[in-house]
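To start, the structure under review is shown below, and the notes come after it.
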Amino acid sequence: MKTIFYFILAVSTFLTFSCTKHWDYDFEDMKYGFNSEIHPYSNEYILMKVNDNTTEIKLKGKVEVSCGSIEIEVIQPDGTIVFEKEMTENEGIELNKTFQAQKGYWKLKYESNGGKGFIDLYLNQ
């Protein structure tokens, strides 16, 4: 009987401590954005929640347009557009921009106007 008790105690202790270590993830390092092909007339956006502790927002990535055009925008929580870019056929851009943080939901969006290409673009804190 003692053997079974100690076995159950040992297994439950092992499971408790081994599972808790996997939750040490820093959500501040998460990226919010796109990594996909651009299709004609696609329209997508993401929202990123920013709290009081954040001092800056980063926009990083690469966009390539093979035909047509696309529009990219980054919008602060108060509705102000802090970045706007229209790209046309055979145009590419690599971005690494920083913005002053503002608490609330930031929006990164793109709209394809018959455009095709690839977008690998992210916001992070």
Side-chain angles (χ1 to χ4, degrees):
M1 187 70 162
K2 274 186 175 179
T3 306
I4 293 172
F5 173 75
Y6 286 125
F7 176 74
I8 292 172
L9 181 64
V11 169
S12 64
T13 303
F14 172 76
L15 291 175
T16 300
F17 289 108
S18 66
C19 291
T20 56
K21 292 192 177 223
H22 296 289
W23 294 101
D24 289 342
Y25 187 77
D26 186 6
F27 288 100
E28 298 292 318
D29 291 337
M30 289 185 67
K31 299 187 295 187
Y32 299 83
F34 314 106
N35 184 1
S36 64
E37 289 183 20
I38 299 169
H39 299 284
Y41 308 105
S42 59
N43 181 4
E44 296 191 40
Y45 72 90
I46 59 94
L47 296 175
M48 179 179 74
K49 184 177 181 182
V50 174
N51 60 32
D52 288 330
N53 302 331
T54 304
T55 58
E56 62 183 26
I57 304 300
K58 296 176 187 135
L59 173 66
K60 291 184 178 182
K62 195 187 280 190
V63 182
E64 296 175 1
V65 180
S66 58
C67 68
S69 69
I70 69 159
E71 296 175 40
I72 302 167
E73 291 181 346
V74 176
I75 305 168
Q76 291 184 154
D78 66 3
T80 304
I81 298 172
V82 292
F83 178 80
E84 186 173 26
K85 176 76 174 165
E86 183 172 352
M87 299 177 61
T88 58
E89 188 172 336
N90 296 322
E91 189 175 349
I93 190 170
E94 193 161 332
L95 294 166
N96 188 5
K97 298 208 174 273
T98 304
F99 309 104
Q100 184 72 30
Q102 186 181 89
K103 182 181 176 182
Y105 289 93
W106 284 67
K107 183 189 278 189
L108 170 61
K109 71 176 199 170
Y110 80 89
E111 184 175 334
S112 171
N113 300 308
K116 287 185 180 181
F118 193 81
I119 187 166
D120 183 21
L121 192 60
Y122 298 93
L123 286 176
N124 68 351
Q125 307 178 42

For residues 85-97, run the donor-acceptor check on the side chains, cut-off 3.5 Å, and write out each pair with its distance to 0.1 Å, sequence neighbours left out.
from: Thr88; atom 1: OG1; to: Glu91; atom 2: OE1; distance (Å): 3.4
from: Glu91; atom 1: OE1; to: Thr88; atom 2: N; distance (Å): 2.9

Donor-acceptor pairs under 3.5 Å, side chain of residues 39-49 to any protein atom, not counting sequence neighbours: which ones?
from: Ser42; atom 1: OG; to: His39; atom 2: O; distance (Å): 2.9
from: Glu44; atom 1: OE2; to: Tyr110; atom 2: OH; distance (Å): 3.3

Mind listing the side-chain donor-acceptor pairs of residues 64-78 below 3.5 Å, one per line with the distance, residues two or more places apart or on another chain?
from: Ser66; atom 1: OG; to: Lys116; atom 2: O; distance (Å): 3.2
from: Glu71; atom 1: OE2; to: Asn113; atom 2: ND2; distance (Å): 3.2
from: Gln76; atom 1: NE2; to: Asp78; atom 2: OD1; distance (Å): 3.3
from: Asp78; atom 1: OD1; to: Thr80; atom 2: N; distance (Å): 2.9
from: Asp78; atom 1: OD1; to: Thr80; atom 2: OG1; distance (Å): 2.8
from: Asp78; atom 1: OD2; to: Thr80; atom 2: OG1; distance (Å): 3.4
from: Asp78; atom 1: OD2; to: Gln102; atom 2: NE2; distance (Å): 3.3

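Here the CD1-CD1 distance, from Ile119 to Ile38, works out to 5.0 Å after rounding to the nearest 0.5 Å. Of the inter-residue distances, the one linking Tyr32 atom OH with Tyr105 atom OH reads 10.0 Å to the nearest 0.5 angstrom. With rounding to the nearest 0.5 Å, the separation of CG in Leu108 from CZ in Phe83 is 9.5 Å.
The residues Lys62 and Asp120 are annotated as not salt-bridged, no charged nitrogen and carboxylate oxygen being separated by less than 4.0 angstrom. At a threshold of 4.0 Å, the pair Glu56-Lys58 counts as salt-bridged, since one of the basic side-chain nitrogens sits closer than that to a carboxylate oxygen.
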Where do Leu121 and Asn35 land on the side chain to side chain contact (heavy atoms under 4.5 Å, CB included) test, with the steps shown first?
-> CA-CA 7 Å; Leu121 192 60; Asn35 184 1; over 6 Å; no
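Under the 3.5 Å distance criterion, with hydrogens and angles disregarded, a donor-acceptor pair is assigned to the side chains of Thr54 and Gln125.
Within the 4.5 Å cutoff, the side chain of Ile57 has heavy atoms near those of the Trp106 side chain.
At least one test fails for Lys60 against the ring of Tyr122: distance under 6.0 Å to the centre or angle within 45° of the axis.
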